[in-house]
There are 2 protein chains.
Amino acid sequence: MHHKIKDKIDRLKNLSYLYSQLNSIQKIDMKRKVTLKQIAKELDVSISTVSKSLRDSPEISEDTRQKVQAFAKLYNYKPNNIALSLKNKKTKTICIIIPEIIHHFFATVISGVEHVANENGYNVLVCLSDESFDKEVINMEMLAGGSIDGFIMSLSKETQQRRDFHHITEVINQGMPVVMFDRVTNDILCDKVIIDDNLAAYNATRFFINKGYKKIALITTVDYVSVGKLRTDGYTKAMMDHDLKVDPNLILKIEDTDNFDAQIEALIRDQKPEAIFAVNEIFAVTAIKIAGKLGLKIPTDISIIGFTDGIISKYSTPSISTVSQNGVKMGEKAAKMLIDRLENEEMEIEEHYKTEVIETALVERESTR
Amino acid sequence: MHHKIKDKIDRLKNLSYLYSQLNSIQKIDMKRKVTLKQIAKELDVSISTVSKSLRDSPEISEDTRQKVQAFAKLYNYKPNNIALSLKNKKTKTICIIIPEIIHHFFATVISGVEHVANENGYNVLVCLSDESFDKEVINMEMLAGGSIDGFIMSLSKETQQRRDFHHITEVINQGMPVVMFDRVTNDILCDKVIIDDNLAAYNATRFFINKGYKKIALITTVDYVSVGKLRTDGYTKAMMDHDLKVDPNLILKIEDTDNFDAQIEALIRDQKPEAIFAVNEIFAVTAIKIAGKLGLKIPTDISIIGFTDGIISKYSTPSISTVSQNGVKMGEKAAKMLIDRLENEEMEIEEHYKTEVIETALVERESTR
DNA sequence: ACCCCTCCCGAAAACGTTTTCGTGTTGAAA
DNA sequence: TTTCAACACGAAAACGTTTTCGGGAGGGGT
């Protein structure tokens, strides 16, 4: 008796199975994402069975497994990442916060981050602080709400000026790992990736000194930008180490990054330096253009070294010697450190933070001899 | 009898409440994110009550609302975005897929996208295809699994070469909006943001023709890159419209974007063009450097116009006249179109796709006269 | 005829929200 | 005293998964 009933049910199941096969297009709205529940309903099995079938669980018979998998493929089933994130408490997404993306250096860092992130199955969310403290805070607070697994960031100018890092400590205290790069601060304990700005500037300055130059000018940023300060210090130390006086008139600290041509022109015209060390590409290329305008030959009349081996330095005429700062490598390293911490979070070896220093090199081109 | 039991329970509850108040720091792990459930437990109310209190629901008494809000602030409660995404079926995240980020143009597009996305409460996921078809497909399939609300993309070279767009149609068929920009295809129906490459090239070429030049060279890409082809067509049409013969020897189609100096040098040396129109910045600046090396004065001996108003053109010596292609504006427009479609998806005005054309302009600098 | 083991499968909890609906208590009006 | 509204709150479903556990059916061995 039981058998008879069961047979009937089975036949009905097969019938409904075939029916659903034939009318699948009407029954499931192809426009929307298909879920386990829908497949389960169509096939008249439970959600668990569908899930297990798709994950090749040994609990499921060969028969139903194939049936489910065929259906899933037919409907182009893809598991819902959000649901998985909620369950696993992992989003497989990391966020990189940078001041500006149109700076070539930051673009190369993103490139590095993206590549190792992708290799490890992570996605990269990009946030721009626009050098604004508020945007940095807003972004971090927003994303800290479970949207991502960790941060990679470079401080905005305003944040460095204010020395207010509460948003970062807060995130770290909630157990979310943070890796800082380039523009970092000692006030925060976390993994960091930097270059030795001080040493790199020292070496560049010494390069000039070894050529016999005495009047070496420096075009730098205001001191609250951490890397600017470090590079200024390196320049100063190199001068002093070699018994050259540090002439304040030869040091130009630029605040307004939009309008500084006149200042550089005044520096070159009035001080007539033999060499210029600029802490970024834009300052360097501008100095070159102005020197040319003033009738100076490069590098015979004046030599110039920039910082950040970007696209401008390479394609400028004359091409610019620079301290190369490998953004890709920094990004890769930062991503590696972050992912390491995420994957090994069971070990919970907190407070064992590392600071990686990426090596720099002086790339000699046409602006020096 | 019942009353007595209830009283006892109430007293116990109050006791536990006070206890929890006093020992709250131990009881809730500050290190981890705090949830509604935890707050509810601590305060001995239901999850619903906590949720409503935090959202200032009128259903909740002033008393408990304040208590809950105070607690939430104390523990720095932030709602879990993933849970919200799952419930609302909206992630408030859009993805932009580009071939490479180190190209200044694409960086500016991201900048534009990010800004309007942020203004509207969206985050931006950046994916790099590295000009690879496979990476493009992988990225899209991965993200289509509910991680994001929509795509903004520019096709990889390989995808354009293969003319295989199944991954894009698939995503669109699942109801996820896609906006393409710059490198688009007619094979896909969706919103698009482009510039009139053909017309821009036509105008640049005509600029030369109006100056009286006859030998006008073109440095372009292989034809399967959509924008390269369009710009080549514009050049050709301008020549023909003005009764100038289109000399194949004056057209250089560059395939290998890493090693083309020799080809450009041969073109300039052997053909001695009066003017060169290059379809991107790199080709233009390389032509300038080579012309200089060959002893040609710019713009007296030879004039040059590039494409894409990027950082190189501005800082090159001499600075380069270019067809400006406003990446920021393209990004902004693309993001607006995508978000519009997302927010008005109830209206479901499918198939009403638009193609926005961003205007270009010829920016005259030192490489032309 | 009974027991046990294996094979398949379903129910339910969990992740963290929001929201609808139901319900108990209170006070006032009849 | 009864009735009804207002008020304050809780239970439960829902979003889409994964996974643990329990259990029914069937077969083989006594």
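What you are looking at is a predicted structure, and each value in this text was computed from that prediction instead of being measured. Heavy-atom basis, side chains included; hydrogens, waters and symmetry copies ignored.
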Rounded to whole Å, please give me the gap between NZ in A/Lys92 and P in C/dC15.
21 Å
Under 3.5 Å, which protein N or O atoms sit close to an N or O of nucleotides 19-21 of chain D? Give each pair with its distance.
residue, atom, partner, partner atom, Å
D/dT20, O4, A/Lys52, NZ, 3.2

Which pairs count as side-chain hydrogen bond (donor to acceptor under 3.5 Å, both in side chains) when at least one residue sits in residues 116-125 of chain A, sequence neighbours excluded?
A/Tyr122-A/Glu343
For B/Pro99, does its backbone N or O pair with a side-chain atom of B/Ser156 as donor and acceptor, under 3.5 Å?
no
CG-CG distance between B/Asp187 and B/Asp164, expressed to the nearest 0.5 angstrom:
10.5 Å
What is the distance, to the nearest angstrom, from the CG atom on B/Leu86 to the P atom on D/dT17?
9 Å
Scan B/Thr64 against the nucleic acid and name what it touches under 4.0 Å (heavy atoms): base, sugar-phosphate only, or nothing.
sugar-phosphate
Starting at CD1 of B/Ile60 and ending at P of D/dA6, how long is that distance when rounded to a whole Å?
18 Å
Below 4.0 angstrom from OP1 or OP2 of D/dC15, is there any side-chain N or O of A/Lys37?
yes
Using whole Å, what does the distance between atom P of nucleotide C/dC7 and atom CD of A/Glu62 come to?
14 Å
Without decimals, in angstroms, what is the distance between A/Leu84 CG and D/dC15 P?
16 Å
Presence of A/Lys78 side-chain N/O under 4.0 Å of D/dG16 phosphate oxygens OP1/OP2
no
Student check: side-chain heavy atoms of B/Ile188 and B/Val178 closer than 4.5 Å:
no
To the nearest Å, give me how far apart CD (B/Gln38) and C1' (C/dT17) are.
14 Å
What I want to check is whether the side chains of B/Glu62 and B/Gln66 have a donor and an acceptor closer together than 3.5 Å.
yes
Check whether any side-chain N or O of A/Ser85 sits under 4.0 Å from OP1 or OP2 of C/dC15, and answer yes or no.
no
Run the side-chain contact (heavy atoms from CB on, under 4.5 Å) test against B/Ile138 and tell me which residues pass, sequence neighbours left out.
none
Any residue meeting side-chain hydrogen bond (donor to acceptor under 3.5 Å, both in side chains) with A/Ser61, in chain and number order, not counting sequence neighbours:
A/Thr64
In whole angstroms, how far is the C1' atom of D/dT17 from the NZ atom of A/Lys90?
16 Å
Position toward the 5' end of DNA chain D (nearest nucleotide), B/Asn88 or B/Val45:
B/Val45
Not counting sequence neighbours, which residues clear side-chain contact (heavy atoms from CB on, under 4.5 Å) with B/Ala144? List them please.
B/Val171
Choose from D/dG16, C/dC9, C/dG16 the nucleotide whose nearest atom is closest to any side-chain atom of A/Asn80.
D/dG16
For the helix from C/dA1-D/dT30 to C/dA30-D/dT1, measure the angle between the helix axis at one end and the axis at the other, each built from five pairs, rounding to 10°.
90°
Mind checking whether A/Phe133 and A/His166 have parallel, tilted or perpendicular rings, split at 30° and 60°?
tilted
Would you say B/His115 and A/Asp130 are linked by a side-chain donor-acceptor pair, where the criterion is simply a distance under 3.5 Å?
yes
What nucleotide, of C/dC8, D/dG16, C/dG16, holds the atom closest to the side chain of A/Lys89?
C/dG16
Of the listed D/dT17, C/dC9, C/dT17, the closest approach to the B/Tyr77 side chain comes from C/dT17
